Amino acid sequence: MSLAALLVLADGRFPAGGHAHSGGAEAACKAGRIHDAATLEEFCRGRLHTAGLTAAGLAAAAALGLDPAVLDAAADARTPSPALRAAARRLGRQLLRAARAPWPAAELDALAAAFPRGAHQPVVLGLTARAAGLGPPEAAHVAAYESVSGPATATVRLLGLDPFEASGVLARLAPELDAVSDRAARAAHRARREGPGALPAASSPLLDIAAEVHADWPVRLFAS
């Protein structure tokens with residue numbers, strides 16, 4: 001396992017398109033559900049244990065070598081919002097384009113051929129981690145971290161929140177992030193024996209509803 005590869009993949013400056021997405025934070029800010037560091041932490045905690053856990057499980061399973069087409073179908077089943085499915089595929093397409101430059105691999109080429117419009121981002125993330133020499137725990141950590149770092153960064157722009165406070169939110173969530181990542185990696189190993197039904201499928205109905213509302217806004221700062 002390359003620690004340097006893990007850092008590159010988790011770096012917010014990696015050109016995977018995540019900077020254009022708020023992870024639901026833009027809609028939550030407009031609705032008043034996020035208005036300061038405390039409410040940002042509540043939002044991120046909820047997202048980590050729902051969408052973050054689900055994404056981490058899919059990423060860990062892909063890194064373990066499970067069939068990406070099966071995992072993509074599992075991701076679709078776990079994403080009831082059409083807007084979020086579309087966003088996940090756009091992010092997956094951008095991540096795959098970025099990943100094939102530093103970590104060329106036959107598996108990534110095959111994924112690009114099989115999903116020309118983009119596979120779900122967590123599935124691409126897991127295969128990218130595999131190509132970079134990383135395992136399921138590392139893939140799960142990156143997915144879980146992205147589920148909270150995106151909203152935290154977006155809120156700095158949306159509310160003018162002090163970036164030190166936003167970083168403090170992420171630091172306080174670190175133990176829970178580790179626990180979610182570990183749970184996701186263990187589920188991935190079960191899925192290799194039992195099938196994709198063993199992967200987490202935590203729901204977040206408010207995120208789904210907000211994503212559909214956000215997609216209809218005529219003017220918005222973030223794509224999702």
Side-chain angles (χ1 to χ4, degrees), residues 1-21 23 51-79 84-147 149-150 177 180-196 198-200 223-224:
M1 192 274 286
S2 169
L3 181 58
L6 175 62
L7 294 174
V8 170
L9 189 55
D11 192 335
R13 291 164 293 188
F14 188 69
H19 66 280
H21 295 260
L53 173 62
T54 301
L58 290 162
L64 192 58
L66 275 69
D67 185 343
V70 171
L71 293 176
D72 191 77
D76 248 3
R78 288 159 171 75
T79 314
L84 290 181
R85 286 199 297 271
R89 292 193 181 279
R90 286 197 302 271
L91 284 167
R93 185 170 62 249
Q94 178 65 24
L95 173 57
L96 187 56
R97 181 184 176 191
R100 292 169 77 189
W103 301 297
E107 286 183 310
L108 296 181
D109 294 339
L111 188 67
F115 294 92
R117 300 183 65 182
H120 275 264
Q121 194 268 358
V123 179
V124 179
L125 175 60
L127 278 185
T128 299
R130 184 176 171 89
L134 303 172
E138 292 75 40
H141 266 91
V142 175
Y145 177 71
E146 286 180 346
S147 76
S149 63
L177 194 152
V180 164
S181 301
D182 180 66
R183 179 181 172 188
R186 286 187 280 110
H189 284 280
R190 289 197 304 275
R192 185 162 63 174
R193 302 188 303 270
E194 304 169 15
L199 294 173
S224 70

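Just the heavy atoms: all of them, side chains too, but no hydrogens, waters or symmetry mates, feed the values below. Owing to the predicted nature of the structure, the values given are computational and were not obtained by experimental measurement.
Within the model, atoms CG of Leu177 and CG of Asp182 stand 11.5 Å from one another, a figure rounded to the nearest 0.5 Å.
For Arg193, there are no salt bridge (charged side-chain N to carboxylate O under 4.0 Å, His left out) partners, not counting sequence neighbours. Partners of Arg192 by side-chain hydrogen bond (donor to acceptor under 3.5 Å, both in side chains), not counting sequence neighbours: none found. Under the side chain to side chain contact (heavy atoms under 4.5 Å, CB included) criterion, Ser147 pairs with Arg47, Leu48, sequence neighbours left out. Residues meeting the side chain to side chain contact (heavy atoms under 4.5 Å, CB included) test with Ala86, sequence neighbours left out: Arg90. Every residue meeting the side chain to side chain contact (heavy atoms under 4.5 Å, CB included) condition with Phe14, not counting sequence neighbours, appears here in chain and number order: Val8, Leu9, Ala16, Leu95, Ala98, Pro102, Trp103. Not counting sequence neighbours, the partners of Ala61 by the side chain to side chain contact (heavy atoms under 4.5 Å, CB included) test are Leu66, Leu71, Ala188, Leu199. Listed by chain and residue number, His21 satisfy the side-chain hydrogen bond (donor to acceptor under 3.5 Å, both in side chains) test with Ser224 (two or more places apart in sequence, or in another chain). For Asp109, the salt bridge (charged side-chain N to carboxylate O under 4.0 Å, His left out) criterion is met by Arg100, not counting sequence neighbours.
Here the closest heavy-atom approach between residue Ala56 and residue Ala143 is recorded as CA-CB, 3.6 Å. The nearest pair of heavy atoms linking Ala144 to Ser181 is CB-OG, 3.6 Å. Heavy-atom minimum distance, Ala59 versus Ala139: O-CB, 3.7 Å. Shortest non-hydrogen contact noted between Gly135 and Glu138 is N-OE1, 2.8 Å. Annotation for Ala187 and Pro200: closest pair CB-CD, 3.7 Å, computed over non-hydrogen atoms.
A salt bridge (charged side-chain N to carboxylate O under 4.0 Å, His left out) check over residues 53-65, counting only residues at least two apart or in different chains, returns nothing. Residue pairs that meet the side-chain hydrogen bond (donor to acceptor under 3.5 Å, both in side chains) test with at least one member in residues 54-68, sequence neighbours left out, do not exist here.
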Side-chain atoms of residues 116-131: list all donor-acceptor pairs with protein atoms under 3.5 Å, sequence neighbours left out, distances to 0.1 Å.
unit_1: His120; atom_1: NE2; unit_2: Asp76; atom_2: OD1; d: 2.8
unit_1: Gln121; atom_1: NE2; unit_2: Glu146; atom_2: OE1; d: 3.1
unit_1: Thr128; atom_1: OG1; unit_2: Val124; atom_2: O; d: 2.8
unit_1: Arg130; atom_1: NE; unit_2: Glu107; atom_2: OE1; d: 3.0
unit_1: Arg130; atom_1: NE; unit_2: Glu107; atom_2: OE2; d: 3.2
unit_1: Arg130; atom_1: NH1; unit_2: Ala63; atom_2: O; d: 3.1
unit_1: Arg130; atom_1: NH1; unit_2: Leu64; atom_2: O; d: 3.4

